[in-house]
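Computed over heavy atoms, backbone and side chain alike; hydrogens, waters and symmetry mates excluded.
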Amino acid sequence: MLAEDSVLLREGLTGLLARFGHQVVAAVGDAGALPAAVAAHRPDIVVTDVRMPPAFQDEGLRAALALRAEQPSLPVLVLSQYVQRSYAAELLDTGDGTGVGYLLKDRIGQVEEFVAALESVAGGGTVVDPEVVRQLLRRHRDPLEKLTPREREVLGLVAEGKSNAAIARALVVTEAAVGKHIGNILGKLGLPQADDTHRRVLAVLAYLKA
């Protein structure tokens with residue numbers, strides 16, 4: 001289900017997702033219509049913008065929070081041009097932290113990346129744009145000062161839900177080097193060690209929300 005006030009973007013996403021074998025069961029243009037549409041169509045995932053009518057402030061994100069409060073297992077992917085730090089942290093804290101994502105429209109480089117992120121969130125994954133991570137990190141300046149620039153870069157990729165192999169390819173380093181960086185990051189931030197990528201993402205997000 002889509003919640004997007006731009007008609008062109010709404011129609012474009014509908015066609016795009018159809019190309020990849022996904023059906024948009026409903027598309028609404030304002031946040032007020034979202035709860036009723038979800039109740040009527042029971043979608044596998046909700047994709048919503050942040051700023052929507054009538055005030056174009058944070059209606060879409062607040063609607064997403066309300067939906068997750070009522071249905072903690074409902075996957076929600078926020079797709080926006082803006083980072084609303086307080087509400088972003090709340091969204092990531094809904095349910096058990098799974099099946100949730102926050103991506104920035106202008107930073108999506110490839111269609112396949114967006115579709116992969118959507119499918120990951122729909123399947124219970126957690127996907128967060130590195131810029132969202134950076135803005136949330138501003139509340140934790142002291143611990144993050146311990147991280148090297150490379151460790152900060154790796155942290156952003158971990159928050160995107162990337163595996164060690166994917167991070168190694170992106171940074172053109174070995175998987176062993178990535179594993180060492182991740183171990184250092186988790187140690188410096190006081191987070192538990194975990195082998196599973198998704199649990200690593202949740203650990204990082206738990207720290208960001210603290």
Side-chain angles (χ1 to χ4, degrees), residues 1-95 97-136 159-161 201 205:
M1 175 171 295
L2 298 178
E4 167 61 55
D5 62 285
S6 169
V7 174
L8 289 177
L9 184 54
R10 205 163 60 232
E11 294 298 319
L13 284 173
T14 299
L16 169 67
L17 291 172
R19 279 173 43 204
F20 284 84
H22 300 292
Q23 178 187 6
V24 176
V25 295
V28 299
D30 65 88
L34 186 55
V38 169
H41 297 278
R42 307 179 73 84
D44 295 320
I45 184 172
V46 171
V47 180
T48 182
D49 194 359
V50 170
R51 297 185 178 183
M52 299 183 69
F56 292 96
Q57 293 184 356
D58 50 28
E59 291 85 350
L61 190 46
R62 285 191 283 112
L65 286 169
L67 287 171
R68 290 276 291 186
E70 294 178 3
Q71 305 178 54
S73 62
L74 175 66
V76 171
L77 174 60
V78 172
L79 182 63
S80 179
Q81 291 179 309
Y82 311 96
V83 180
Q84 293 281 1
R85 279 194 287 168
S86 59
Y87 286 131
E90 283 190 50
L91 178 68
L92 297 172
D93 200 29
T94 56
T98 62
V100 65
Y102 199 127
L103 299 178
L104 299 180
K105 296 175 182 177
D106 294 341
R107 289 171 51 82
I108 297 174
Q110 297 182 350
V111 168
E112 291 80 6
E113 290 179 3
F114 167 68
V115 175
L118 181 141
E119 292 173 347
S120 175
V121 172
T126 306
V127 180
V128 186
D129 189 284
E131 179 58 28
V132 177
V133 173
R134 278 191 285 271
Q135 295 205 26
L136 292 177
E160 287 185 78
V201 174
L205 293 177

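Arg62 contributes atom CZ, which lies 11.5 Å from atom OG1 of Thr48 (distance to the nearest 0.5 angstrom). Rounding to the nearest 0.5 Å gives a distance of 4.0 Å between CG of Asp129 and CG of Leu104. In this structure, Leu77 CG and Glu119 CD are separated by 11.5 Å, a value rounded to the nearest 0.5 Å. Taking CG of Asp49 as the start and CG of Leu13 as the end, the distance is 10.0 Å to the nearest 0.5 Å. Interatomic distance, Tyr82 OH to Lys105 NZ, rounded to the nearest 0.5 Å: 8.0 Å.
The shortest distance between side-chain heavy atoms of Val38 and Pro43 falls below 4.5 Å. Residues Asp44 and His22 fail the side-chain proximity criterion, which asks for heavy atoms closer than 4.5 Å. The shortest distance between side-chain heavy atoms of Thr94 and Val76 does not fall below 4.5 Å. Considering only heavy atoms from C-beta on, Phe20 comes within 4.5 Å of Val111 through its side chain. Counting heavy atoms from C-beta outward, Ile108 and Leu79 have side chains that approach closer than 4.5 Å.
Considering every non-hydrogen atom in both Pro35 and Gly32, the closest pair reads CD-O, 3.5 Å. Taking all atoms of both residues into account, the shortest heavy-atom contact from Met52 to Glu59 is O-OE1, 2.9 Å. For the pair Gly99 and Thr126, the tightest heavy-atom approach, listed with the atom from each and the gap, is N-OG1, 4.4 Å. Summarising the geometry of Thr98 relative to Arg68, their closest heavy-atom pair is O-NH2, 2.9 Å, with the distance given to 0.1 Å.
Within 6.0 Å of CG in Asp5 there are more than 12 heavy atoms belonging to other residues, nucleotides or ligands. Remark: Glu112 CD is packed, more than 12 non-hydrogen atoms of other residues, nucleotides or ligands lying under 6.0 Å away.
Of the possible polar contacts, one joining the Thr14 side chain to the Arg10 backbone as a donor-acceptor pair under 3.5 Å is found. Although no hydrogens or angles enter the test, the distance criterion places no donor-acceptor pair under 3.5 Å between the side chain of Gln23 and the main chain of Val25. Side chain of Asp58 to backbone of Leu61: no donor-acceptor contact under 3.5 angstrom is found.
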Starting from the C-alpha separation in whole Å, work towards a yes-or-no answer on side chain to side chain contact (heavy atoms under 4.5 Å, CB included) for Leu17 and Leu118. CA-CA 10 Å; Leu17 291 172; Leu118 181 141; 4.1 Å; yes

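Judged as a salt bridge (charged side-chain N to carboxylate O under 4.0 Å, His left out), and not counting sequence neighbours, Arg42 has no contacts.
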